[in-house]
Peer 1: 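After the structure tokens below, expect a handful of questions from me.
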Amino acid sequence: MCGIVGYIGQNPSKKILLDGLKELEYRGYDSAGIAVLEGDDFSIYKALGKLHNLEEKAHDFETHDFAIGIGHTRWATHGKPTELNAHPHLGQFSYVVHNGIIENYQELKSMLQSKGVTFLSQTDTEVIVHLFEHMLLTHKEPSEAFARTIEQLHGAYATLLITKQSPDTIYFAKHGSPMILAKNATHGEYFFGSSDAALIGKATQAYYLEDGDYGYVSPQGIVLKHANRTIENPAFTTLPSDRLSAQKEGFRYFMEKEIYEQSTVLADTLMGRLRDDSVYFEELAGLDTRRFSQIKLVACGTSYHSALTASYLFERLAKIHTTVEVASELRYREPLLDKNALFIVISQSGETADTLETLKMAKAAGLTTLVVCNVDNSSMVRLADYAILTRAGIEKGVASTKAFATQVTVLWMLSLFLSALPKERMQAEIATLRQLPETTKVSDTLHEKLKRLSKRYLYGHGFFFIGRDLFYPLALEGALKLKEISYLHAEGYPAGEMKHGPIALADPELITIALMPQTLLYEKTKSNVEELSARDATICAISPLEFDKSDDFIRTHAHAHPMLEFFEMMVILQLLAMEISIRLGNDVDMPRNLAKSVTVE
Ligand code: AGP
């Protein structure tokens with residue numbers, strides 16, 4: 001995903017910008033660029049691929065005095081990964097970098113083209129710099145022209161702009177994408193970064209810009225505005241100096257950080273893929289989806305649970321016959337692979353040996369293959385015919401959290417992409433997808449409640465996680481999370497299966513985590529939970545509807561769509577597992593016997 005850096009000061013700008021971009025590399029990108037303005041001279045370098053390509057191109061370039069500069073790593077959304085589409089983008093005498101999506105860029109582009117402006121790239125970003133220069137025709141003051149530009153942008157953005165009209169100033173704005181302004185003790189030196197990873201070690205004080213903030217910075221200081229009001233003395237906070245703890249951003253464990261991050265990474269997963277009444281995957285251009293009569297989903301572990309979730313969505317929304325397989329089983333069972341099936345593998349790492357082998361098998365059998373993956377350039381991404389990246393950013397916790405959330409989101413979008421839903425239904429699904437970032441935000445109240453509850457769940461002879469329909473794979477995932485990091489015995493079951501055997505285990509020492517959404521089979525699930533409660537099992541019910549036969553109750557919001565209930569419950573299960581593990585004194589991020597990437601069979 002894209003990264004932004006910026007610098008104003010006397011120190012060598014190129015090194016500062018490139019160092020900052022290196023710290024943002026982990027987010028994934030396909031091209032990079034920097035633009036530096038020293039006096040009246042712009043130096044601009046862009047390169048496709050990894051940062052060392054950019055470093056080589058800029059090898060002989062150095063600044064000698066005060067300069068301002070902006071840099072960017074681009075993860076293509078509008079327009080292919082090419083040097084021309086790489087940021088920074090040029091107007092006549094200004095450059096811009098941007099993260100996010102300008103939703104009304106076509107409209108702005110047409111307006112500017114009608115005034116004679118020529119566009120070089122296919123990006124949405126380029127409209128910002130041209131609009132700014134257009135605004136300068138009527139507003140002579142660059143800060144005013146910038147403010148009028150920002151006013152006209154719809155969508156999500158974090159942007160930096162530099163211009164020869166004011167060669168000691170960086171203009172900035174943030175709305176929906178992260179941006180941090182930072183400084184240190186050196187007078188007149190300022191930094192920007194889309195994450196504090198780019199700033200640690202260089203700056204000591206950071207101001208995390210709020211949505212709607214904009215302004216400019218020069219050696220004379222900072223002018224920060226919000227809704228036309230100037231914010232005096234913005235509250236800078238101290239940046240951590242230790243990189244590892246900084247990477248955890250104040251969280252106790254990477255897993256905790258990754259659970260909290262789900263809200264923002266999901267916005268990245270959705271970015272550029274939702275239209276008003278359709279879903280768009282640039283990655284699938286050229287794929288004739290009408291020729292598939294079935295879908296086969298293959299994965300391991302958590303990714304298998306995403307696959308299982310997707311099977312409900314593919315059949316329900318896209319009306320395509322779907323089967324799901326555990327990769328290690330499919331490999332050796334001499335399966336009949338039908339060329340009319342779209343073969344989809346799902347993997348966070350893209351390296352899991354069993355899944356990779358099934359991909360090879362499918363390719364050898366002549367099937368069309370697609371991978372849903374979090375790691376660009378991984379073996380599976382390189383091998384599959386098509387790849388959709390989940391854009392979760394690096395996941396360090398061995399227990400997968402944000403990778404699961406982003407996989408399910410991509411697969412839900414894919415089921416809509418393959419569907420022929422009527423317009424209104426499609427619009428409703430898309431409006432629901434847009435609510436995911438909000439739905440997955442962790443509130444202090446919820447986290448505190450789960451911390452308190454966790455002390456009741458450290459013993460017992462086992463856990464059942466139960467749910468129906470989409471909530472059955474979620475129950476499996478909840479049980480896997482708990483088992484992986486608490487080492488307690490936990491199993492996921494379809495709620496309706498209880499009386500076919502597992503209920504024999506019911507007693508007060510058996511803890512049941514019951515997923516009871518109100519939008520999907522509530523009454524049916526309720527009866528199953530009542531059967532367990534009648535046998536004196538300890539019940540923790542998760543539901544928006546009061547349930548008086550439970551020992552503990554976690555109330556969720558009354559969403560209108562099952563997938564919103566799904567995502568809210570997912571966060572609860574992840575946090576509950578983590579808090580239990582912490583109380584048991586386990587290593588949350590590196591549980592015993594497990595590896596993040598399983599490259600052996
Ligand atoms: C999840 O918490 C696990 N650590 C594990 O099940 C994982 O999902 C599995 O090994 C598959 O990995 P992949 O997604 O990288 O292929």
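Please read these numbers as outputs of a predicted model, since none were measured by experiment. Order of appearance sets the numbers: ligands from 1, and atoms from 1 within every ligand. Numbering starts at 1 and runs along the sequence shown.
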Peer 1: Looking at L573, T445, V442, L576, which hits side-chain contact (heavy atoms from CB on, under 4.5 Å) with L450?
Peer 2: L576

Peer 1: Is it the case that K481 and T302 place a side-chain donor and acceptor less than 3.5 Å from each other?
Peer 2: yes

Peer 1: Just checking, any donor-acceptor pair under 3.5 angstrom between side chains of T538 and R456?
Peer 2: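 Judged by distance alone, the side chains do not pair up.
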
Peer 1: Is it true that S303 and Q407 share a donor-acceptor pair across their side chains at a distance under 3.5 Å?
Peer 2: yes

Peer 1: Check for me whether V398 has a heavy atom closer than 4.0 Å to any atom of ligand 1.
Peer 2: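 Within the 4.0 Å threshold, so yes.
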
Peer 1: Of all the atoms in ligand 1, which lie at a distance below 4.0 Å from a heavy atom belonging to S303?
Peer 2: 8 (O), 13 (P), 14 (O)

Peer 1: Pairs of nitrogen or oxygen atoms closer than 3.5 Å, one from T355 and one from ligand 1: do any exist?
Peer 2: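 No; the residue has no nitrogen or oxygen that sits under 3.5 Å from a nitrogen or oxygen of the ligand.
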
Peer 1: What residue and heavy atom of the protein are closest to atom 1 (C) of ligand 1, and at what distance?
Peer 2: T302 OG1, 3.0 Å

Peer 1: Scan side-chain atoms only and decide if E351 and S379 contain a donor-acceptor pair under the 3.5 Å cut-off.
Peer 2: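 Yes, because at least one side-chain N or O of E351 sits under 3.5 Å from a partner of the opposite role on S379.
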
Peer 1: With heavy-atom distances below 4.0 Å as the criterion, list the atoms of ligand 1 near Q348.
Peer 2: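 That gives atoms 13 (P), 14 (O), 15 (O), 16 (O) of ligand 1.
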
Peer 1: Can you list the ligand 1 atoms lying under 4.0 Å from a non-hydrogen atom of S400?
Peer 2: 1 (C), 2 (O)

Peer 1: Would you call Y312 and S415 a side-chain contact if the rule is heavy atoms closer than 4.5 Å?
Peer 2: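 Heavy-atom side-chain distance check fails, nothing below 4.5 Å.
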
Peer 1: Below 4.0 angstrom from a heavy atom of A399, which ligand 1 atoms are there? Numbered from 1 as shown, please.
Peer 2: 2 (O)

Peer 1: Just let me know how K481 lines up against ligand 1, side chain, backbone, both or neither, with a heavy-atom cut-off below 4.0 Å.
Peer 2: side chain

Peer 1: Going by atom types alone, do Q348 and S400 pair a side-chain donor with an acceptor below 3.5 Å?
Peer 2: no

Peer 1: Return the option from G301, C300, A327, S306 holding the heavy atom at the smallest distance from atom 11 (C) of ligand 1.
Peer 2: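 The nearest heavy atom belongs to C300.
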
Peer 1: Nearest to atom 15 (O) of ligand 1, what protein heavy atom do you find, and at what distance?
Peer 2: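 That would be S349 OG, 2.7 Å.
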
Peer 1: Output the list of atoms in ligand 1 that are nearer than 4.0 Å to some heavy atom of S347, sorted by atom number.
Peer 2: 13 (P), 14 (O), 15 (O), 16 (O)

Peer 1: Taking atom types as modelled, is there a side-chain donor on D338 or Q294 under 3.5 Å from an acceptor on the other?
Peer 2: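 Indeed, the side chains of D338 and Q294 share at least one donor-acceptor pair under 3.5 Å.
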
Peer 1: Hey, is ligand 1 close enough to Q407 that some N/O pair sits below 3.5 Å?
Peer 2: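 Min N/O separation from ligand 1 is not below 3.5 Å for Q407.
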
Peer 1: Please find the pair of heavy atoms, one from C373 and one from S378, that lie closest to each other, and give the distance.
Peer 2: SG-OG, 3.5 Å

Peer 1: Considering only non-hydrogen protein atoms, determine which one is nearest to atom 10 (O) of ligand 1 and report residue, atom name and distance to 0.1 Å.
Peer 2: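 Result: V598 CG2, 3.9 Å.
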
